[in-house]
Trainee: 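Here you go, one structure.
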Amino acid sequence: MTEPLEPGLSTGQPRVRIAPSPTGPLHIGTARTALFNFLFARHVGGTFLLRLEDTDVARSSLAYEKDILDGLHWLGLSWDEGPGVAGEEARGPHAPYRQMERLPLYAEAADRLRAADMAYPCFCTADELDAERKRLEAARLPPRYSGRCARLTEAERAALTAQGRWAALRFRVGEGVVTFDDMVRGRVEIDVANLGGDFVIVRGDGTPLYHFTVVVDDAAMRITHVIRGEDHLSNTPKHILLFRALGKEVPRFAHLPLILNPDRTKMSKRKSQTAIGDYIAEGFIREGLVNYLALLGWSTGTEEEVLGLGELCARFELEAVHKGGAVFDRERLEWLNGQWIRKLAPAELAERVRPFLEAERIAGRIDRMPSDDEILTLIPLVQERLPVLGAIGDLVGFLFVDRLAVGASLLIPKRWDAATTRAGLTAAREVIAAAGSVAFEADELEPPLRALAEARGWKAGDLFMAIRVAVTGRTATPPLFDTLVALGSERTLVRLDAAVAQLPEDRP
RNA sequence: GCCCCCAUCGUCUAGAGGCCUAGGACGCCACCCUUUCAAGGUGGAGAUCAGGGGUUCGAAUCCCCUUGGGGGCACCA
């Protein structure tokens, strides 16, 4: 018995990967797949690596690459091996981790398949293939490559090449049934006859195609578990055939249920918000997003559902992943996000909310950026009122506006008329001014204002509502007295005066 | 068209033959708390477990069929 040069896949440490294609911003589905790979790796003590599949040069861009890498980092899904970014060295023994930098590997593998006649050059043009596909479609037949170039002799090939025709490389799928045991779906059997004929692995221009590069790289990087979306289930036989043809051990597969649009089709940009960046921009926080994504297609089996990344790593089981697709439910995401916002330490929340206030200022919705201390004092008022961080402007933006625009009709509480409102605000102004001369604190404000309401026979709630609208411009705000304190005595009085001045004349 | 996969409240799900007159969560509706809004608490509506056949003393759970849904079938990934 000779020692194998490398340990068998089955005996080594588990190795998984996320292999995004930089042809668009980080997609919710990619993030979820990355998360499940990450959770699996952390749970079993394996290695999680990132590989960029950028062979579609026309659609790939560095901007998308950055968006994807930044997004995964933001989510906290750090990889153990991955490409070099921003001048930094790649991490891991299988570099490079960017497919366009691994071209020689694919060329070598392609040559081997070609030499063994497991793949052959195909001279069909795009137009010819197109016409063929259309003909089959018209005849209500499944699309499939005819195999026209499969039996060309070397002499014929040479002649075609001499004509200047470029050849793509096609892999011979042969015959038989491919069987594999998917870790979430169980046994899957697919007849090779249904694969659509011999498929292209290298384009006419020499660049390799996805089905080929994944396999070459998964083998080279010694991936033990391929965890990916269900949309790849039907492609798996092609990959298995390729692993075998290259003489490589076939990894285990686990196909995750798809994330769905409300109409239960595969989640798409057209019907849903799919870019992680858009969720970040709205103020979803990583804890909420990660927690929500983990629960799309998996559960602990218990009734616990508010779980942090650490807990998720500890409890995740691939075997417990569902088979059916899951509709993306924004309401539930918001609820979970709110749960996590409430769990944040005040200083932490203050820090996370700051960029959103800056955005308000840049958008011109507020006139002044509050100091860090100011933000911190606001946290108790907003922490349990934020479904997303981006809601901060709506909640307390009025504090940082120079001139408040208040709708005149809003100024008068439901049970009050203009005269009562005028009387109420005028009286309240005096009480507040008096309190302000001592100490402008919530505890100093509330008792005298309640007393005022009682003395005049007003419902405290009506008086408070009149003040609230006069001073904030809205009917829904954080607790009134805290709000007045945050505003400060002087500005409170100015706003009360402005409101009284704006009140419509009393009807005779 | 062909192949593959899937199927429990509107949504996310618990459920691995008797614990299920199907549990939890989101959302929804009440009520409580309350100066508004939230948060929190309590309660409620909401699923004949897609339908039909089996197997079994017993099925949401096992098998088959039907139906419905989804995915894949590119010189995209």
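Order of the sequence lines sets the chain letters (A, B, ...), proteins ahead of strands, with each chain counted from 1.
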Trainee: Using purine N1 to pyrimidine N3 plus N6-O4 or O6-N4 for Watson-Crick, or N1-O2 and O6-N3 for G-U wobble, both under 3.5 Å, which nucleotide pairs with B:A7?
Mentor: B:U67
Trainee: Does one side chain, of A:Asp217 or A:Tyr106, offer a donor that lies under 3.5 Å from an acceptor on the other?
Mentor: yes
Trainee: Applying a 3.5 Å limit to both distances, which nucleotide forms a Watson-Crick or G-U wobble pair with B:A74?
Mentor: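 Check on B:A74: unpaired, no WC or wobble geometry under 3.5 Å.
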Trainee: Say you pick atom P in B:C49 and the same atom in B:C57; how far apart are they, in whole Å?
Mentor: 23 Å
Trainee: To the nearest angstrom, how far is A:Asn291 atom CG from B:A25 atom C1'?
Mentor: 12 Å
Trainee: Within the distance-only criterion (no hydrogens, no angle test), does the side chain of A:Arg342 pair as donor or acceptor with the backbone N or O of A:Arg385 below 3.5 angstrom?
Mentor: no
Trainee: So, A:Thr420 side chain and A:Trp416 main chain: donor-acceptor pair closer than 3.5 Å or not?
Mentor: no
Trainee: Partner of B:C28 by Watson-Crick or G-U wobble geometry, both contacts under 3.5 Å, or none?
Mentor: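 Per the H-bond distance test, B:G44.
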Trainee: Over all strands shown, is A:Leu336 touching base, sugar-phosphate only, or nothing at heavy-atom distances under 4.0 angstrom?
Mentor: nothing
Trainee: Could you tell me whether the side chains of A:Arg203 and A:Thr207 share a donor-acceptor contact shorter than 3.5 Å?
Mentor: yes
Trainee: Could you give the distance separating B:A60 and B:G51 at their C1' atoms, to the nearest angstrom?
Mentor: 14 Å
Trainee: Please tell me whether A:Thr477 and A:Arg468 have a donor and an acceptor in their side chains that are separated by less than 3.5 angstrom.
Mentor: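 Judged by distance alone, the side chains do pair up.
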Trainee: Scan every strand shown for a Watson-Crick or G-U wobble partner of B:U34, both distances under 3.5 Å, and answer none if you come up empty.
Mentor: none
Trainee: How long is the line joining CG of A:Leu307 and C1' of B:A25, in whole Å?
Mentor: 12 Å
Trainee: Within this structure, what is the CH2-to-C1' distance between A:Trp340 and B:A39, rounded to whole angstrom?
Mentor: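 Going from CH2 in A:Trp340 over to C1' in B:A39 covers 18 Å.
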Trainee: Using a cut-off of 4.0 Å between protein heavy atoms and nucleotide atoms, how would you tag nucleotides 14-23 of chain B 5' to 3' with B, S and -?
Mentor: S--------S
Trainee: Who does B:U61 pair with, Watson-Crick or G-U, both distances under 3.5 Å?
Mentor: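 WC or wobble partner does not exist here.
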Trainee: Cut-off 3.5 Å, side chains only: do A:Ser21 and A:Glu53 have a donor facing an acceptor?
Mentor: no
Trainee: Classify every nucleotide of nucleotides 26-38 of chain B by which part a protein heavy atom approaches to under 4.0 Å, writing B for the base, S for the sugar-phosphate alone and - for neither, in 5'-to-3' order.
Mentor: SS-------BBBB
Trainee: Contact class for A:Gly229 vs. all strands (heavy atom < 4.0 Å): base, sugar-phosphate, or nothing?
Mentor: nothing
Trainee: Can you measure A:Asn337 atom CG to B:A25 atom C1' for me and round it to whole angstrom units?
Mentor: 16 Å
Trainee: Should the pair A:Arg59-A:Asp56 be classified as a salt bridge under the 4.0 Å nitrogen-to-oxygen rule?
Mentor: yes
Trainee: Indicate for each nucleotide in nucleotides 61-77 of chain B, in 5' to 3' sequence, whether protein heavy atoms under 4.0 Å reach the base (B), only the sugar-phosphate (S), or nothing (-).
Mentor: ---------SBSBSBBB
Trainee: With no hydrogens and no angle check, is any side-chain donor or acceptor of A:Asp198 less than 3.5 Å from a backbone partner on A:Arg170?
Mentor: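 Not confirmed, A:Asp198 side chain does not pair with A:Arg170 backbone.
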Trainee: So, does A:Arg185 use its side chain to make a donor-acceptor pair with the main chain of A:Lys323 at under 3.5 Å?
Mentor: yes
Trainee: Quick check against the 3.5 Å criterion: does A:Asn37 have a side-chain atom that pairs as donor or acceptor with the backbone of A:Thr33?
Mentor: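 Such a contact is found between A:Asn37 side chain and A:Thr33 backbone.
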Trainee: Main chain of A:Pro387, side chain of A:Asn337: is a donor-acceptor contact present, judged purely on distance under 3.5 Å?
Mentor: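 The answer is yes, because a donor-acceptor pair under 3.5 Å joins these two groups.
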Trainee: Should we count CD of A:Glu175 as having more than 12 external heavy atoms under 6.0 Å?
Mentor: no
Trainee: Just call it for A:Gln383: base, sugar-phosphate, or nothing, with non-hydrogen atoms closer than 4.0 Å on any strand.
Mentor: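 It contacts nothing in the nucleic acid.
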